[in-house]
Amino acid sequence: MLKQYLQFKLSQKLSPQQIQLMKLIQLPTQAFEQRLKQELEENPALEGGKEEVKDEFDDAFDNSADDFNDNETIDAGDINVDDYLSDDEIPDYRTSVNNYSADDDEKSVPYAAGTSFTQHLVNQLNTYRLSEEERSIAEFLVGSVDESGYIRRQLIDIVDDLAFTQSVYTEEDKVANVLKIVHQLDPAGVGARNLQECLSIQLHRKDKQPDVLLAANIIDNAFDQFTKKHYKKLMQKFDITELQLKDAIHEIERLNPKPGGSYAGNNKIVEHVVPDFAIRIVDGELELTLNGRNAPELHVSRQYSNMLKGYKESKDKSKSQKDAVLFIKQKLDAAKWFIDAIKQRQQTLFVTMSSIMHYQKEYFLTGDERNLKPMILKDIADEIEMDVSTVSRVANSKYVDTPYGTKLIKEFFSESMTNDQGEEVSTREIKKILETVIEEESKKKPLTDEALSKILKEKGYPIARRTVAKYREQLDIPVARLRKKI
């Protein structure tokens, strides 16, 4: 027996214009400028500048619409959000940590001058007497050095690559011997295959002082114990005093773990963050401004609106004229929408940041992170009567210039917990106190997570040991054993 059921399904769909507005809101300043530039290039009906043009085409737009059949109009329809926000459409500014648009003018992108790091190493090879085969191997090895100064590949793989790409047929032992020559190049430690080898190379090139010899011995023969800070075992193994070990460790700490990074000729791009907002303290009050680059002067092209007006006044309306006017109407409609969308974007950004600023007024007046109140996206969304996703788009991609430095807005958001007095406090406040306690601890006997938990409880923050461990990891603070110093 067949049965029929009537099922209602509620699904949220947004128009293409709404989706484009959300994307505009998400754009940081530099990426927004690129989007603006792209729109100006693609839409001739949109013009930049201070000229203000009244919407003369409105009447023409409305009246000329009757001249078209239904099948000549464009039906945008409702578009599913997922179709517009697919993974393929995620631009670089959403996945990149920095706030730099690669398509920008590069006016604020300084480059380091001089030769490249690789060329610097190749130039040094010219001072060595090498056979043709050895030079080919040496140059290939130098070309395999990464930006930190390491060769992070197995020698057997390099042997294979030399055969396939350079037609140099050699053996692993010969490559290892040429690598020793590379290890003699500057900066010291370059060409190492791991941190242990990097530190060892640097120590063996130093003057043979007792502290240096002991440091080299520790790195070569007890590296694992050194990295785990098993100091008592090291003193027993090498039959040395605590003072001798301390001096040796001091020598190791002076070494460069990334020799490639010290060379100015790396030609790395220095990337900059452009703040989207600025907060200043004026006469004891907070003052918020939106970066002027987010408020461009735009207007609809008078030429295009006149073309539409001319069509309206024309007696003979051919098919080609209708096609042309349909194109003009689309461009004028897009230009008008884009101008309105930018105004909406400006208003959304300012209202959202203003709400955040007033919510965290104590912090912005003092700069003390302990004054950050617990704040989640919903707190701001409810206050400004906008969707949580809109607040998220502003918080996750925008920066604000404050008297205490340029900050990513999402850093002001944090969850809350209740202290022993029943008050809600920010987890950021607890992390700051945890950081302070660790800074003031005895480095000879660092505090365990259990001990840290007890101290926080004494200060009025009842936090479990596992929560302390989580906060410590979020602060990039190692466990007690690795914080130990002799």
Side-chain angles (χ1 to χ4, degrees), residues 117-118 120-130 134 137-155 158 172-266 443-444 446 478-479 481-486:
F117 184 34
T118 302
H120 171 67
L121 298 175
V122 170
N123 291 343
Q124 293 180 64
L125 290 175
N126 295 331
T127 62
Y128 291 84
R129 285 188 178 180
L130 302 171
E134 287 172 336
I137 295 171
E139 289 182 355
F140 191 84
L141 286 171
V142 162
S144 301
V145 173
D146 66 17
E147 60 182 14
S148 296
Y150 288 80
I151 295 177
R152 303 183 191 273
R153 305 183 60 216
Q154 298 293 325
L155 292 186
I158 291 176
E172 192 174 342
D173 288 344
K174 181 160 280 189
V175 174
N177 287 333
V178 176
L179 182 59
K180 291 177 181 176
I181 296 173
V182 174
H183 287 167
Q184 296 174 34
L185 304 179
D186 290 322
V190 72
R193 288 161 289 180
N194 51 55
L195 178 60
Q196 181 180 10
E197 188 172 53
C198 177
L199 299 178
S200 179
I201 291 169
Q202 293 179 61
L203 287 167
H204 284 288
R205 286 175 62 172
K206 282 177 166 278
D207 293 334
K208 300 298 184 280
Q209 301 293 329
D211 296 341
V212 175
L213 292 172
L214 177 57
N217 202 0
I218 290 171
I219 294 299
D220 291 341
N221 303 304
F223 186 71
D224 189 55
Q225 290 174 323
F226 167 73
T227 56
K228 292 178 179 177
K229 299 197 173 183
H230 291 159
Y231 295 140
K232 289 184 179 179
K233 292 182 180 179
L234 289 173
M235 286 188 284
Q236 291 172 357
K237 181 180 178 70
F238 296 104
D239 191 22
I240 54 176
T241 65
E242 184 177 307
L243 182 59
Q244 288 175 306
L245 179 59
K246 189 174 182 179
D247 291 340
I249 290 173
H250 179 65
E251 287 292 339
I252 295 170
E253 288 175 342
R254 292 169 60 189
L255 304 175
N256 187 355
K258 293 183 178 181
S262 64
Y263 184 70
N266 262 333
K443 296 307 176 187
K444 284 196 173 185
V479 295
R481 177 172 51 78
L482 296 181
R483 300 199 304 272
K484 186 177 180 181
K485 290 186 179 179
I486 193 164

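Taking a 6.0 Å sphere around CD of Glu172, one finds it holds more than 12 heavy atoms contributed by other residues, nucleotides or ligands. A 6.0 Å sphere centred on CG of Asp239 holds no more than 12 heavy atoms belonging to other residues, nucleotides or ligands. Surrounding NZ of Lys208 are more than 12 heavy atoms belonging to other residues, nucleotides or ligands, all under 6.0 Å away.
Of all heavy-atom pairs spanning Phe223 and Gln196, the tightest one is CB-NE2, 3.5 Å. Summarising the geometry of Pro259 relative to Ala188, their closest heavy-atom pair is CB-O, 3.5 Å, with the distance given to 0.1 Å. Across all non-hydrogen atoms, the minimal contact from Ile218 to Phe226 is CG2-CB, 3.9 Å. Considering all non-hydrogen atoms of both residues, Glu251 and Ala215 come closest at CB-CB, 4.2 Å. Scanning both residues, Pro257 and Cys198, for their nearest heavy atoms gives O-SG, 4.1 Å. For Val182 against Ala138, the heavy-atom pair with the smallest separation is CG2-O, 4.4 Å.
Rounding to the nearest 0.5 Å gives a distance of 11.5 Å between CD of Glu253 and CG of Leu199. Distance OG/Ser200 to CG/Asp220: 3.5 Å, rounded to 0.5 Å. From Asn221, atom CG reaches atom CZ of Phe238 across 5.5 Å, with rounding to the nearest 0.5 Å. Distance check: Ile252 CD1 to Ile219 CD1 gives 4.0 Å after rounding to the nearest 0.5 Å. Considering CZ of Arg254 and CG of Asp211, their distance stands at 9.5 Å, rounded to 0.5 Å. In this structure, Arg153 CZ and Leu155 CG are separated by 10.0 Å, a value rounded to the nearest 0.5 Å.
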- Determine, step by step, whether Leu214 and Leu245 satisfy the side chain to side chain contact (heavy atoms under 4.5 Å, CB included) criterion, reporting the C-alpha distance in whole Å, the side-chain angles of both residues, the deciding distance to 0.1 Å, and the verdict. CA-CA 8 Å; Leu214 177 57; Leu245 179 59; 5.7 Å; no
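By the 4.5 Å heavy-atom criterion applied to side chains, Glu242 and Lys246 are not counted as neighbours. Using a 4.5 Å heavy-atom threshold, the side chains of Val145 and Leu141 count as separate. Looking at heavy atoms from C-beta onward, Gln184 lies in side-chain contact with Tyr128 at the 4.5 angstrom threshold. Taking 4.5 Å as the limit, some side-chain heavy atom of Asn256 sits within range of a side-chain heavy atom of Lys258. Looking at His183 and Glu197, their side chains come closer than 4.5 Å, going by heavy atoms from C-beta outward. By the 4.5 Å heavy-atom criterion applied to side chains, Ile151 and Leu179 are counted as neighbours. Counting only heavy atoms from C-beta outward, the side chains of Lys206 and Leu203 approach each other to under 4.5 Å.
A salt bridge links Asp186 with Arg205; the closest basic N to acidic carboxylate O contact falls under 4.0 Å.
The only member of Val142, Val178, Asn177 that meets side-chain contact (heavy atoms from CB on, under 4.5 Å) when paired with Ile137 is Val178.
For Lys180, there are no side-chain hydrogen bond (donor to acceptor under 3.5 Å, both in side chains) partners at least two apart in sequence or on another chain.
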